[in-house]
Protein chains: 2
Amino acid sequence: MATIRDVALLAGVSTATVSHVLNNTRTVSEVTRDRVVAAMEALGYQPNAVARSLRVNETLTIGLILPDVELPFFAWVAKCIEKVASDLGYNIILCNSGWSLSRELRYLENLQTRRVDGLICISVGLTNEHVAPLLRRHMPVVWFEEARIEGVSDAVLIDNVRGAYEATRHLVAQGHRRIGCILGYTPTVVTSDRLLGYQHALREAGLPFDRTLLCSGDYEAPSGLRGARQLLDLAEPPTAIFAFNDMMALGALQVAHERHLRVPDQLALIGFDGIPLTEFMSPSLSTVRQPIPEMSRIAFDLLLDRIHDRAPNESRTVRVEPVLVPRASTLLV
Amino acid sequence: MATIRDVALLAGVSTATVSHVLNNTRTVSEVTRDRVVAAMEALGYQPNAVARSLRVNETLTIGLILPDVELPFFAWVAKCIEKVASDLGYNIILCNSGWSLSRELRYLENLQTRRVDGLICISVGLTNEHVAPLLRRHMPVVWFEEARIEGVSDAVLIDNVRGAYEATRHLVAQGHRRIGCILGYTPTVVTSDRLLGYQHALREAGLPFDRTLLCSGDYEAPSGLRGARQLLDLAEPPTAIFAFNDMMALGALQVAHERHLRVPDQLALIGFDGIPLTEFMSPSLSTVRQPIPEMSRIAFDLLLDRIHDRAPNESRTVRVEPVLVPRASTLLV
DNA sequence: GCAAGCGTGGCGACGATTCGCGATGTTGCA
DNA sequence: TGCAACATCGCGAATCGTCGCCACGCTTGC
């Protein structure tokens with residue numbers, strides 16, 4: 001494969017000149033430039049980004065660690081972040097942790113070795129100690145959507161307490177007094193925050209907090225299915241279910257159909273996340289939308305600030321407001 | 001950041017020895033090895049993969065070009081391929097083309113520049129001429145699921161004609177005589193093959209091919225919704241609909257609910273792809289499953305063969321059989 | 001006493017960028 | 001017209017961090 005030296009040789013100039021033509025780093029006379037360009041084309045020259053990265057200490061690559069791209073929510077995130085990155089000339093390395101801390105740690109090692117310029121992370125297990133070494137090596141990390149580590153590196157989060165509060169309040173406003181709850185993967189802050197919001201709304205409405213109305217889930221559809229069955233089998237079943245994400249709400253919806261319950265008359269359902277899919281369910285699913293495109297842009301901006309050393313020393317946390325999206329699955333006509 | 005030279009200095013050995021400890025490329029006495037390891041730890045040494053790649057001419061990275069990770073089918077593919085790759089020490093660069101040829105071409109350039117070791121590609125627009133230069137530069141390309149370019153580079157495909165044939169035959173076997181069809185993005189071979197299979201099954205059953213029963217789609221849910229409405233508004237509407245992928249079938253399912261049609265009694269529905277989601281719909285959706293995990297492994301193996309120069313000169317096409325998965329949306333009880 | 005084998009080190013690529021230097025050509029002013 | 005000052009543009013060479021070829025010294029066994 002042709003190198004910059006080959007191009008220089010053919011064009012009868014030095015490699016320095018070719019490099020300047022390539023990067024526009026200094027004025028090059030038109031004659032010379034034309035000769036260089038012609039040589040590059042004649043040789044089918046492709047600059048070697050690896051060599052460049054070694055020299056300038058910058059890979060134009062960032063790592064994206066997330067639990068599972070297959071879940072529509074994370075796929076949505078991946079798409080949005082990739083878009084922002086590629087528009088700015090960055091590539092992303094996709095790292096699917098499968099909810100496993102040990103895989104997250106392997107990726108962390110790997111990405112450092114590869115000298116990515118930064119890291120966006122939706123992590124389930126990483127803590128303070130794990131990322132401290134990266135930060136010391138000036139590898140910026142931005143937490144996305146889930147952060148157990150505020151104050152150490154930058155983060156862009158939504159107010160999960162608020163979102164869950166709004167969802168629950170919406171159900172209360174529709175007249176529901178027994179509201180079931182399908183939780184998510186419990187070690188996460190996201191889950192515990194949403195639970196707080198739910199409890200807060202109940203308290204505000206003067207409704208009792210009844211543990212039997214809670215059931216566990218893991219953010220995937222089958223667990224929503226199991227959860228809904230469990231709740232509906234109660235002696236005194238709920239008239240509405242708040243699932244901690246949209247996929248579990250989907251599972252719950254299937255149970256409603258299975259048992260011939262009319263939604264929302266006999267059972268109201270609301271999810272969380274606002275994945276595009278919710279709009280195309282039958283009935284369309286109420287949800288709390290996370291503004292992922294905006295959050296992606298913010299996350300990348302935070303990263304770029306650090307990469308270019310124009311960020312304050314202390315860490316920054318940007319908090320974005322979730323938006324209640326009431327649809328047919330909760331709205332009585 | 002510490003380099004191999006720093007480690008060598010501290011351990012009192014040469015960089016060659018450190019490199020050999022690092023890569024297990026020759027025997028190093030235990031004493032020396034221990035000293036080297038200790039030095040690496042003391043310095044928090046992280047080998048520089050960029051420099052290594054430059055030297056050994058191998059990046060352990062592959063590019064993955066696909067139309068849209070947000071669609072569950074492609075997300076599934078991305079997850080499976082990433083899994084196979086990372087288990088073998090490879091990273092993947094995610095390239096979301098957004099169904100745009102110009103973006104595909106940009107990614108192609110970019111990935112070459114970055115010297116990825118290979119490329120897995122679900123492409124909508126790339127042709128022979130576009131990849132020929134890559135192949136000449138010994139950058140292997142494997143087509144995944146959609147290939148307009150058999151015979152030039154390797155490919156792993158399913159038999160779309162067969163899959164669509166099976167789906168249609170299944171509907172016929174359930175007694176349907178007017179079977180509507182929601183097509184996919186038409187420039188793709190995938191779409192035209194599925195249409196062939198549909199026609200073949202009709203012919204075999206002695207049913208007429210009626211163009212009014214076809215409507216266009218783009219593989220996304222809203223187009224399935226529009227398509228189903230269009231078909232059901234016909235003077236003589238179909239009793240079954242075959243959507244060319246699961247997401248459009250989902251859209252069609254919403255229309256069924258909207259119009260209070262019982263599925264499958266009044267309207268049967270079948271999709272294509274077999275994304276995990278179909279199992280959790282209500283009713284669960286019949287589909288034709290593509291064995292994506294197996295296909296991912298095969299694709300990566302094809303790539304590795306080429307990377308390590310142990311592949312035949314001529315290109316190889318592996319064809320995998322799709323599997324009919326009949327579920328509640330077509331099966332009368 | 002010598003060959004074989006083991007463990008180790010020196011040094012030059014890999015392909016780009018960039019700094020300092022120098023050879024031109026251009027301008028301004030006496 | 002002559003010459004200094006300056007802008008323009010190209011070149012040579014060092015450098016980034018790693019690996020792998022070649023050479024070399026020491027031990028060991030016959």
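Labels below follow one simple rule: chain letters A, B, ... track the order of the sequence lines, proteins then strands, and each chain is numbered from 1. All values reported here derive from a predicted model rather than from experimental measurement. When reading the values below, keep in mind they use all heavy atoms of this one structure, side chains included, and skip hydrogens, waters and symmetry mates.
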[X] side chain to [Y] main-chain N or O, any donor-acceptor pair under 3.5 Å?
X: A:E104; Y: A:S123; value: no
X: A:D305; Y: A:L302; value: no
X: B:H20; Y: B:A16; value: yes

Sugar-phosphate only, base, or nothing, as touched by [X] at under 4.0 Å among non-hydrogen atoms:
X: B:V13; value: sugar-phosphate
X: B:S53; value: nothing
X: B:V28; value: sugar-phosphate
X: B:N57; value: nothing
X: A:S19; value: base

Output the rounded distance in Å from [atom1] ([X]) to [atom2] ([N]).
X: B:R52; N: C:dC14; atom1: CZ; atom2: P; answer: 17 Å
X: B:L9; N: D:dG17; atom1: CG; atom2: P; answer: 14 Å
X: B:M40; N: D:dT18; atom1: CE; atom2: C1'; answer: 14 Å
X: A:L60; N: C:dA16; atom1: CG; atom2: P; answer: 15 Å
X: B:H20; N: D:dC22; atom1: NE2; atom2: C1'; answer: 12 Å
X: A:D6; N: C:dG15; atom1: CG; atom2: C1'; answer: 10 Å
X: A:N23; N: C:dA16; atom1: CG; atom2: P; answer: 11 Å
X: B:I4; N: C:dG10; atom1: CD1; atom2: P; answer: 14 Å

Query raised in the report: Looking at side-chain heavy atoms only, is the closest gap between A:L43 and A:L10 below 4.5 Å?
Result: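 Yes. Closest side-chain heavy atoms under 4.5 Å.
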**Report entry** Most 5' of A:L22 and A:R26 on DNA chain C, judged by nearest nucleotide
**Finding:**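 The 5'-side residue here is A:L22.
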Which one, [options], comes nearest to the side chain of [X]?
X: B:S29; options: C:dG7, D:dC9, C:dG15; value: C:dG7
X: B:L54; options: D:dT18, C:dC14, D:dC9; value: C:dC14
X: A:T17; options: D:dT18, C:dA16, D:dC11; value: D:dC11
X: A:V56; options: C:dA16, D:dT18, C:dT18; value: C:dT18

So, OP1 or OP2 of [N]: does either fall under 4.0 Å of a side-chain N or O from [X]?
X: B:T27; N: C:dC6; answer: no
X: B:T32; N: C:dT8; answer: yes
X: B:S14; N: C:dG9; answer: yes

Requested in this report: Return the minimal non-hydrogen interatomic distance between B:I292 and B:V77, and the atom names on each side.
Outcome: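 That closest heavy-atom pairing would be CG2-CA, 3.8 Å.
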Query - Salt bridge B:R103-A:D87, side-chain N to carboxylate O under 4.0 Å - result: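 Yes, this pair counts.
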Report task. Find which nucleotide of DNA chain D each of A:V31 and B:N48 is nearest to by heavy atoms, and output the residue with the more 5' nucleotide. Result ->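 Whichever sits nearer the 5' end wins; that is A:V31.
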Requested in this report: Could you check A:A16 against A:E30 and say which one's nearest nucleotide on DNA chain D is further toward the 5' end?
Outcome: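 Here A:E30 is the residue nearer the 5' end.
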